[in-house]
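This report concerns only the one structure given below.
Letters A, B, ... are given to chains in the order of the sequence lines, protein chains preceding strands, and every chain is numbered from 1.
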There are 2 protein chains.
Amino acid sequence: MERPIDPEVYRQAAELRGSLRRFMRRSEEVAARHGLTPQRHLLLLMVKGAPDGGERASVGDLAERMQLAQNTVTDLVARAEAASLIARERDLRDGRVVHVRLTAEGERRLAATVGALEEDRAALTALVRSFTPGA
Amino acid sequence: MERPIDPEVYRQAAELRGSLRRFMRRSEEVAARHGLTPQRHLLLLMVKGAPDGGERASVGDLAERMQLAQNTVTDLVARAEAASLIARERDLRDGRVVHVRLTAEGERRLAATVGALEEDRAALTALVRSFTPGA
């Protein structure tokens, strides 16, 4: 028999899950309004918000951070490039590595989407901050 | 021209999105290990973690909190009932309202899943708490 779970843990886990679903749904609506599918929105965000601040990413980085297969990311990148939302560039030091960057149009759509979701991100983070730590 | 977005906003939004995806993926793996599809896991959690602490919910409540159509929830409830994970009961004061509760087997599988995800929830909430408020 495992240790019983506190009712507050269930309540918070349910609230977190409900909020994540509302957030993802709102995010899809807002991205669509700016001409981005959920996957393209995610792709542009992962490139622009790269952890090192370089505003670029390799397909390998993206696959890891998007939790998608490398083939899927390669296809997604090719289609976003065809739609003029991103551009590829070779690494100057290692020619085998290809990085992806946003085009001006990609920047514009992502900025509009991320800007319009400001309150939704704030609501989600406020909820998480309100949780009893360790409950 | 809209107000430009701080690079830190992109970085945090990307990190949040990446963490949510890892969390959802882990959650699916753990639920599957305990014989729950992602939707059943969500259903059981939403019933057990009802906001009023009553550990029961109506189909209407669930549709709102799961962000699903009422028909979809009705089907999901019927199948989870057939699998002996939940049971339906009529409201004593209003016979038109049907509430859903977990069976002992539903409780057991949900507890195992929620218990195994404790560290993942903690990691996600710690990340969100680490964000600069309002960035």
Side-chain angles (χ1 to χ4, degrees), chain A residues 1-5 7-27 41-42 44-53 55 57 62 64-68 107-108 110-118 121-122 124-129 131-135, chain B residues 1-5 7-27 41-42 44-53 55 57 62 64-68 107-108 110-118 121-122 124-129 131-135:
Chain A
M1 178 69 192
E2 301 190 21
R3 178 168 57 90
I5 291 173
E8 187 60 11
V9 170
Y10 286 117
R11 209 197 49 73
Q12 288 187 7
E15 205 179 347
L16 175 64
R17 209 53 79 109
S19 298
L20 294 184
R21 289 178 73 85
R22 279 192 300 279
F23 177 71
M24 295 311 284
R25 187 163 195 165
R26 264 285 295 165
S27 171
H41 170 207
L42 182 66
L44 298 187
L45 182 60
M46 290 307 195
V47 172
K48 180 74 179 178
D52 65 358
E55 302 190 359
L62 290 169
E64 158 58 22
R65 290 164 55 225
M66 295 172 76
Q67 297 277 301
L68 292 174
E107 291 269 357
R108 197 189 60 73
L110 179 65
T113 304
V114 168
L117 285 169
E118 190 179 331
R121 279 192 310 279
L124 181 61
T125 58
L127 172 77
V128 171
R129 282 171 199 271
F131 287 162
T132 323
Chain B
M1 179 70 192
E2 300 189 20
R3 179 168 56 91
I5 291 172
E8 187 60 13
V9 170
Y10 287 117
R11 208 197 48 74
Q12 288 187 9
E15 204 178 348
L16 175 63
R17 209 55 77 108
S19 298
L20 294 184
R21 289 178 72 85
R22 280 192 300 279
F23 177 70
M24 296 311 285
R25 188 165 194 160
R26 264 284 296 164
S27 172
H41 171 207
L42 182 66
L44 298 187
L45 182 60
M46 289 308 194
V47 171
K48 180 75 179 178
D52 64 358
E55 302 191 0
L62 290 169
E64 159 58 22
R65 290 164 55 225
M66 295 172 77
Q67 297 277 300
L68 291 174
E107 292 269 356
R108 197 188 61 72
L110 180 65
T113 304
V114 168
L117 284 168
E118 190 179 333
R121 278 192 310 280
L124 181 61
T125 58
L127 173 77
V128 171
R129 282 169 199 270
F131 287 163
T132 323

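The heavy-atom pair separating A:P51 from B:R11 by the smallest distance is O-CD, 3.9 Å.
Here the straight-line distance linking atom CE of A:M46 with atom CZ of B:R21 works out to 7.0 Å at 0.5 Å rounding. Between the OH atom in B:Y10 and the CG atom in A:L110 there is a gap of 5.0 Å [rounded to 0.5 Å]. Rounded to the nearest 0.5 angstrom, A:R129 CZ and B:F131 CZ are separated by 9.0 Å.
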So A:R17 and B:H41, side chain to side chain contact (heavy atoms under 4.5 Å, CB included) or not? Walk me through it.
CA-CA 11 Å; A:R17 209 53 79 109; B:H41 171 207; 3.6 Å; yes
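With chain B as the partner, the residue from A:E55, A:M66, A:E15 showing the most heavy-atom pairs under 4.5 Å is A:M66. With chain A as the partner, the residue from B:G49, B:G18, B:S27 showing the most heavy-atom pairs under 4.5 Å is B:G49.
Within the 4.5 angstrom heavy-atom criterion, only side-chain atoms of A:R25, from C-beta onward, approach chain B. Neither the backbone nor the side chain of B:S19 comes within contact range of chain A; no heavy atoms are under 4.5 Å apart. With a threshold of 4.5 angstrom between heavy atoms, A:A13 approaches chain B through its backbone and through its side chain. B:Q67 touches chain A through backbone and side chain together, each having a heavy atom under 4.5 Å away. Both the backbone and the side chain of A:L45 have a heavy atom closer than 4.5 Å to some heavy atom of chain B. For a residue to count as touching a neighbouring chain, one of its non-hydrogen atoms must lie under 4.5 Å from one of that chain's; by this rule B:A50 touches chain A with the backbone only.
Under the side-chain contact (heavy atoms from CB on, under 4.5 Å) test applied with B:V128, the options A:L127, A:L16, A:T125 reduce to a single match, A:T125.
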